[in-house]
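Since the structure is predicted, the reported quantities are computational estimates derived from the model, not experimental observations.
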Amino acid sequence: MPSTQLREITPAARLESVRYAIRDLACITDEVARQGHKILPLNIGDPLNFDFQTPAHMIEAVYQAMRDGKNGYSPSSGVKEALDSIRGEAARKGITSIQDVFVTSGVSETVDICLTALLNPGDNLLTPCPDYPLYSAVLAKIDIRLNTYYLNEEDGWQPDLDDIKKKITPRTRGIVLINPNNPTGSVCTRKMLDQIAELARQYNLIIFADEIYDKLIIDDTPHVAMAAVAPDVPVITFGGLSKNYLAPGWRIGWGIASGEASVIKPYLDGVNKLLRARLCANHPEQYAIKAALEGPQDHLVEVKRKLRSRRDLTMKWCSETSRVSCVAPRGAFYAYPRIDIPEGDDVFVIELIRQKHVTVVHGSGFGQRPGTKHFRIVFLPDEKTLTAAYTEIGDFMRERYP
Ligand SMILES: Cc1ncc(COP(=O)(O)O)c(C=O)c1O
C-alpha cells in the first residue's frame, strides 16, 4: 500500500548484537580530537599507522601487475601464481593434506565466507573468550547464537580445555582457534594443539585456525600450524598480508583447506559457491602474494626487533604499576593487562580517552570471565609514544583510584 508519509528505514533486528568495540570507540576519539587534543593511539592494530612500511618489492609487484593490465576480475579463488605460492608456504609449515586454497579480501572475508558456508540455524561454533570481535559480529549477522570457550589467564591464556569440552553440544560444528592470539598475544603450546585436534576428531568438528600473526612470534620460537599437527582433521588455516607483510590496506587474505578429502569436500563446495558469488578479491594486489611469501623476509627481523623492545617496555610498565598485572605476550602486537578497579573497564577506557587522550580498548569489548576487567594495548607505537601513553595511564589511575 503506497504511503503518503516517509517512515524510518530500520536495520535488521539481528544487527542488534553486532558489535565491534575497536572501531566503535572511534566516535569518542574523534570527538576528543576535534576538541584539538593530540591522541595517543594504542587501539588499532595497523602497523602502517606507526614506523612500519610495506616492503618495497611487494609494492613493485602490485604496480607491475597494474601496468601489465591485471585490472579486470580475477578467478574467484585467486590467480594461479598466488595460489601456488600459498600452497608452497603451507608445505613449508608442514601442512600436507591440502584440499583447496583461496584468496579473499582480507582474512575478514575468509571468516565471513567460512562461517556463513558452515552454519545452519540452531548450529553453533565455539569461539574464544576473549575473542577478536569479528567472529561474534559475523555470527550475529548470520543469526547464530554465541558459544564461547574461555582462554585461561592463569595458564598464560591457553584455551581452557575443560571449558571447551563442557561447551560442545550436538549442534556444535566447529571451533575457532586464534594463534597467535588477538587480544592476549598468547601462542598455543604444541600439547594444546594436539588436544584440540583430538576433540575435533571425537566430535567431528572443523577447526578454523586463524594464524594471521604466525610470523610475528616475538621470541623466535617457531610457530606450529594446527593443520600440520592434524593432517586428518578438517582445518581451514587463515593467513594474509595485513600483519606479517605490513599491507592491511590491500585487503588480501587467504584460506588453506586441509584434512581428509572425502570429509571436507562437500563443505568446500559451499565455500566455493560463496567465493564465486562475490566475484573475486582485489586483483592486482594478489600479485604481491608471491613477492611476499617467496621474496626477501628481511623486514621481519626489524619488525620483531621493534616488537620485542616495545613488548618489554609494556611489561615493565605493567609490573611497576599498581592495580595492573599482565601475562607477557609472545606473539602479535597486543597486551591484555588485567586491572583491579572499582568500575567497569568500559568506563575506564572512555574516561581515559576523555581525560588523558589515550585510546585503548576495554576488555568487555572482547569478552572476559565474569568479575575480571582488562584492557587491550596495541604496542605498535614507538618507545617514546608508548612511554608518554603509559605515563598518562598511570597518572589517570592514581588520580581516579587513589
Ligand atoms: C585475529 C585476527 N583475524 C583477522 C583479522 C582481520 O585481518 P584482515 O586485515 O586480513 O581482514 C585481524 C585483524 O586485526 C585479526 O586480529
Side-chain angles (χ1 to χ4, degrees), residues 55 57-58 61 74-104 106-107 109-111 113-114 176-180 187-190 192-194 196-197 200-201 206-217 220-247 250 252-265 267-268 271-272 275 281 285-301 303-304 331-332:
H57 66 282
M58 288 169 53
S74 80
S76 291
S77 289
V79 299
K80 183 173 181 312
E81 177 187 301
L83 298 175
D84 288 347
S85 252
I86 296 166
R87 282 176 185 271
E89 173 69 8
R92 281 192 290 282
K93 294 208 66 181
I95 303 175
T96 50
S97 52
I98 302 172
Q99 303 302 339
D100 200 5
V101 176
F102 49 90
V103 181
T104 53
V107 168
E109 194 189 35
T110 331
V111 171
I113 288 178
C114 288
V176 174
L177 187 71
I178 304 174
N179 178 37
V187 177
C188 265
T189 61
R190 166 72 202 244
M192 181 56 66
L193 297 179
D194 284 331
I196 292 175
R201 283 185 198 103
I206 184 165
I207 302 177
F208 295 128
D210 185 335
E211 299 181 356
I212 189 169
Y213 299 98
D214 68 343
K215 293 190 193 285
L216 304 181
I217 307 287
D220 275 339
T221 40
H223 175 264
V224 182
M226 171 50 99
V229 307
D232 55 322
V233 173
V235 179
I236 313 286
T237 303
F238 303 162
L241 297 185
S242 293
K243 315 289 181 176
N244 292 339
Y245 291 100
L246 306 172
W250 288 358
I252 290 290
W254 54 78
I256 302 161
S258 56
E260 198 67 53
S262 59
V263 173
I264 200 170
K265 172 88 178 42
Y267 168 67
L268 292 177
V271 168
N272 278 288
L275 288 169
E285 284 79 359
Q286 293 183 45
Y287 286 90
I289 295 176
K290 181 174 180 184
L293 297 178
E294 296 176 23
Q297 306 290 306
D298 307 353
H299 73 285
L300 283 173
V301 177
V303 169
K304 287 200 281 186

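Using modelled atom types, no side-chain atom of Q99 and backbone atom of K265 make a donor-acceptor pair closer than 3.5 Å. Here the side chain of Q286 pairs a donor or acceptor atom with the backbone of V79 at under 3.5 angstrom. Between the side chain of E211 and the backbone N or O of M226, at least one donor-acceptor pair lies under 3.5 Å. In terms of modelled atom types and a separation under 3.5 Å, the side chain of E294 and the main chain of A292 share no donor-acceptor contact. Under a 3.5 Å cut-off, the side chain of H223 and the backbone N or O of N179 do form a donor-acceptor pair.
A pairwise comparison of heavy atoms in A227 and V235 identifies CB-CG1, 4.0 Å as the closest pair. Of all the heavy atoms in G255 and I236, the pair that sits closest is CA-CG2, 4.2 Å. Pairing each heavy atom of I252 with each of E285, the nearest pair is CG1-CB, 3.7 Å. Nearest heavy-atom pair, G331 versus V187, reported as atom, atom and distance to 0.1 Å: N-CG2, 3.9 Å. Closest approach of A197 to I207, counting heavy atoms only: CA-CD1, 4.2 Å. Smallest separation of non-hydrogen atoms from N244 and K215: OD1-N, 3.2 Å.
With rounding to the nearest 0.5 Å, the separation of NZ in K93 from CD1 in I256 is 8.0 Å. Rounded to the nearest 0.5 Å, atoms CG (L293) and CZ (R92) are 6.5 Å apart. Here the CD1-CG distance, from I196 to L177, works out to 4.5 Å after rounding to the nearest 0.5 Å. Between the CG atom in N272 and the OG atom in S76 there is a gap of 8.5 Å [rounded to 0.5 Å]. One finds the CG atom of D210 at 8.5 Å from the OG1 atom of T110 (value rounded to the nearest 0.5 Å). Residue F238 holds its CZ atom at 10.5 Å from CD1 of I212, rounded to the nearest 0.5 Å.
For the pair I178/F208, no side-chain contact is recorded, criterion being any heavy-atom separation below 4.5 Å from C-beta on. Side-chain contact check for P180 versus I217: some heavy-atom pair is nearer than 4.5 Å. Side-chain contact between F102 and C114 is present, with heavy atoms from C-beta onward closer than 4.5 Å. Side-chain atoms of L275 and T104, non-hydrogen and from C-beta on, do get closer than 4.5 Å to each other. Taking 4.5 Å as the limit, every side-chain heavy atom of T189 sits out of range of all side-chain heavy atoms of D194.
Annotation: salt bridge (charged side-chain N to carboxylate O under 4.0 Å, His left out) contacts of R87 (sequence neighbours excluded): none.
Checked options I98, V103, T237; the residue passing with I86 is V103 (criterion: side-chain contact (heavy atoms from CB on, under 4.5 Å)).
Ring geometry for Y245 against H299 counts as tilted: the plane angle lies between 30° and 60°, on a 0 to 90° scale.
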